[in-house]
Amino acid sequence: MCHYGPGGFPVFAALLTALGYDVTLHTAGIQDEVEDPEGPGGDHLALTVEVDGERWLVDTGLAGGMYEPLPAPGPAP
């Protein structure tokens, strides 16, 4: 679901937005090894979605990674 639609907008983010969710796109990166530097490498995209005043990290691009949203730290913007 991380395919890009018209205008380069991610399809899953577009779906969530169309369903009425507040979606924020974040530049991200994959840290393959513990020794790799932390931080966004710019080769990945993650989403935060606000639901009932809480933010959730949603990432459909990690094939062997997250299968459910995770609570995002910090207050909703």
Side-chain angles (χ1 to χ4, degrees):
M1 292 295 291
C2 38
H3 298 288
Y4 290 88
F9 199 72
V11 173
F12 190 61
L15 171 65
L16 291 173
T17 301
L19 291 172
Y21 292 100
D22 182 17
V23 178
T24 304
L25 284 66
H26 302 275
T27 301
I30 304 299
Q31 186 179 2
D32 293 324
E33 303 292 333
V34 174
E35 296 80 23
D36 290 347
E38 294 182 16
D43 59 353
H44 192 70
L45 177 70
L47 310 174
T48 51
V49 180
E50 187 173 341
V51 179
D52 296 330
E54 295 183 359
R55 292 184 326 138
W56 294 85
L57 175 64
V58 178
D59 192 338
T60 61
L62 293 173
M66 302 170 32
Y67 297 105
E68 295 181 11
L70 299 174

Side chain proximity check, Pro10 to Leu45, heavy atoms < 4.5 angstrom: yes
Leu25/Leu47 under side chain to side chain contact (heavy atoms under 4.5 Å, CB included): CA gap, chis, key distance, verdict: CA-CA 5 Å; Leu25 284 66; Leu47 310 174; 3.8 Å; yes
Student check: side-chain heavy atoms of Asp22 and Val49 closer than 4.5 Å: no
